[in-house]
Amino acid sequence: MNTDPPTAAESEERRRLLARLDEALARVDELVPLDEARFLETHGIYEGRSDQQRRIIEWFGEEIAPALRPDRPFRVLSVGCGSGMLDIPVAKRLASRKADLEYVGVDPNRVECEVLERRFEEASLPGVRVEVVPASFDDFASTRAFDLIHFVHSLYYMPDPSAALEKARKLLAPGGRLVVFHAPREALNDLAVRFYDKEYARPTLFADDFAELLDRWGWDYERGRVDAAVEVTPFVDGDPEIGLALRDFIVQVDSERLPAPVQEIVERYLRLIVVEDRGRNHISHPVDVFFIDG
Ligand SMILES: C[S@@+](CC[C@H](N)C(=O)[O-])C[C@H]1O[C@@H](n2cnc3c(N)ncnc32)[C@H](O)[C@@H]1O
């Protein structure tokens with residue numbers, strides 16, 4: 001995929017569109033968030049067209065699985081677990097090390113929690129015990145300590161991300177690890193952040209802000225980058241339903257209910273950041289990984 005930086009003219013056009021978007025969004029009273037079922041649906045479509053989740057799963061297999069010992073159980077807490085799309089393959093990688101695995105997921109989206117429970121049942125992984133807590137992480141309580149706590153693309157949504165991290169660190173077992181996959185603010189998120197900030201009425205934390213927070217706290221961490229791209233050909237010239245699902249997931253609101261001028265700016269911006277390669281159209285969406293020892 002072509003990863004050349006944008007030309008000066010493209011950068012200028014991006015800035016111009018984002019400034020227009022800010023003005024247009026300031027006139028919108030309320031955004032309509034995706035309901036639980038639509039979030040599940042659009043997230044599945046988005047991840048299905050991206051190589052990012054596969055790379056994140058490989059990362060868990062390479063970096064975490066070797067730490068498991070067959071003589072003691074391994075406890076995992078997945079914060080913002082979603083539908084199990086990620087957790088089942090991660091649990092499979094970890095379970096292959098023959099340790100008993102206790103896998104706890106917490107997520108306020110009840111529809112996703114039900115799907116996760118069902119998927120784990122269907123996968124029937126030997127030695128794996130699963131518990132799903134349909135709640136916000138701020139309401140989550142546990143007397144257990146965890147060997148691994150991960151937030152994969154979920155910290156943005158926490159009402160107080162700093163409090164969530166401090167809470168997670170206290171839930172770590174001695175020698176436990178906290179893993180946060182969190183996006184940098186690149187071209188795609190420069191668009192999405194406008195919607196996130198308005199919807200949640202607070203600035204959204206991206207990877208650099210997160211690193212700054214860890215530096216301020218004096219926490220030791222390692223930071224890496226997982227490059228990825230989402231294939232958006234249906235958005236450009238294909239199935240309009242899929243195109244709409246991709247757009248909804250990117251801005252995380254019911255985008256058809258946005259005023260027409262906002263929809264038009266979003267469309268133009270997305271087309272501007274698409275990279276065309278042999279008839280396929282991609283948008284880059286890397287993610288940073290933060291690895292913190294407890
Ligand atoms: C983009 S999804 C990521 C799901 C999963 N980790 C994955 O990578 O497939 C973000 C998830 O965070 C969840 N979430 C939102 N607010 C949350 C909160 N306060 N506590 C825990 N999870 C939350 C959402 O419901 C959603 O399932």
Side-chain angles (χ1 to χ4, degrees), residues 33-61 64 76-94 103-117 119-120 123 130-142 146 148-168 171 178-183 188-189 192-193 195-196 199-202 204-207 226 228 230 245-246 248-253 285-290:
L34 302 178
D35 66 27
E36 293 189 336
R38 181 67 175 161
F39 186 93
L40 171 68
E41 182 190 9
T42 58
H43 187 206
I45 291 171
Y46 185 88
E47 296 292 357
R49 309 194 70 86
S50 164
D51 56 354
Q52 191 189 88
Q53 205 163 58
R54 176 178 57 74
R55 289 168 184 236
I56 293 176
I57 292 160
E58 280 166 10
W59 186 94
F60 277 102
I64 302 294
V76 182
L77 175 63
S78 167
V79 183
C81 54
S83 64
M85 234 187 321
L86 175 103
D87 285 301
I88 308 257
V90 167
K92 278 187 184 157
R93 299 291 189 290
L94 302 182
Y103 212 99
V104 180
V106 53
D107 199 301
N109 182 327
R110 285 176 182 269
V111 176
E112 289 189 308
C113 287
E114 279 165 23
V115 174
L116 180 138
E117 257 176 336
R119 285 181 169 161
F120 262 107
V130 178
E131 190 185 318
V132 187
V133 183
S136 173
F137 183 52
D138 20 316
D139 296 327
F140 175 79
S142 173
F146 295 90
L148 169 68
I149 301 182
H150 67 76
F151 294 69
V152 179
H153 286 307
S154 59
L155 199 61
Y156 330 95
Y157 304 94
M158 307 285 146
D160 183 346
S162 311
L165 281 173
E166 289 188 286
K167 175 170 181 170
L171 286 168
L178 183 56
V179 170
V180 179
F181 277 88
H182 206 74
L188 188 61
N189 284 323
V193 67
F195 292 87
Y196 280 38
E199 190 178 341
Y200 299 116
R202 60 178 158 79
T204 304
L205 196 80
F206 284 97
V226 175
V230 55
L246 293 171
D248 278 4
F249 188 73
I250 289 166
V251 298
Q252 302 255 306
V253 295
H285 73 130
V287 61
D288 285 359
V289 51
F290 295 84

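Residue numbers count from 1 along this sequence. Since the structure is predicted, the reported quantities are computational estimates derived from the model, not experimental observations. All ligand and atom numbering here is 1-based and tracks the order in the structure.
- Side chain to side chain, H285 and S50 meet the donor-acceptor criterion of an N or O pair below 3.5 Å.
- Each of D87, V111, I88 was checked for a side-chain contact (heavy atoms from CB on, under 4.5 Å) with L116, and the lone residue meeting it is D87.
- At under 3.5 Å, a nitrogen or oxygen of V152, whether backbone or side chain, sits near a nitrogen or oxygen of ligand 1.
- Each of the atoms 4 (C), 5 (C), 6 (N) of ligand 1 lies under 4.0 Å from some heavy atom of C81.
- Judged by distance alone, the side chains of Q52 and H153 do bring a donor and an acceptor atom under 3.5 Å apart.
- Close approach of ligand 1 to E112 is summarised as follows: ligand atoms under 4.0 Å from at least one heavy atom of the residue are 25 (O), 26 (C), 27 (O).
- Here F60 pairs with H150, F181 under the ring pair (Phe, Tyr, Trp, His ring centres under 6.0 Å) rule; sequence neighbours left out.
- No more than 12 heavy atoms of other residues, nucleotides or ligands sit less than 6.0 Å from atom CZ of R110.
- Of the protein's non-hydrogen atoms, P108 CD, 3.7 Å is the one closest to atom 14 (N) of ligand 1.
- Of the protein's non-hydrogen atoms, H153 O, 3.5 Å is the one closest to atom 1 (C) of ligand 1.
- Note on ligand 1: F140 sits outside its first shell, no heavy atom being nearer than 4.0 Å.
- Side-chain contact between S142 and V104 is absent, with no heavy-atom pair separated by less than 4.5 Å.
- Nearest non-hydrogen protein atom to atom 13 (C) of ligand 1 is D107 OD2, 3.3 Å.
- Scanning the protein for heavy atoms near atom 15 (C) of ligand 1, the closest one is Y157 CB, 3.4 Å.
- Close approach to N109 involves these atoms of ligand 1, each under 4.0 Å from a residue heavy atom: 25 (O).
- Of the protein's heavy atoms, F137 N, 2.9 Å lies nearest to atom 20 (N) of ligand 1.
- Aromatic ring orientation, F140 versus F146: tilted (interplanar angle from 30° to 60°).
- With a 4.0 Å cut-off on non-hydrogen atoms, F181 does not touch ligand 1 at all.
- Scanning the protein for heavy atoms near atom 19 (N) of ligand 1, the closest one is S136 OG, 2.9 Å.
- Proximity of I56 to V289: side-chain heavy atoms (C-beta onward) are nowhere separated by under 4.5 Å.
- Taking distance alone, with nitrogen or oxygen atoms compared against 3.5 Å, G80 approaches ligand 1 more closely than that limit.
- Evaluated by nearest non-hydrogen atom to atom 21 (C) of ligand 1, the leading choice among M158, Q52, E36 is M158.
- Which parts of ligand 1 touch S154 is read off a 4.0 Å heavy-atom cut-off, strictly below it: atoms 12 (O).
- Counted by atom type alone, Y156 and Q252 present zero donor-acceptor pairs between their side chains at under 3.5 Å.
- Geometrically, ligand 1 and M85 share no nitrogen or oxygen pair separated by less than 3.5 Å.
- Ring planes of F249 and Y46: tilted class, angle from 30 to 60°.
- Take E41 and apply the side-chain contact (heavy atoms from CB on, under 4.5 Å) test, not counting sequence neighbours, and it matches R38, I45.
- Heavy-atom contacts of Q53 reach the following atoms of ligand 1: 7 (C), 8 (O), 9 (O) (cutoff under 4.0 Å).
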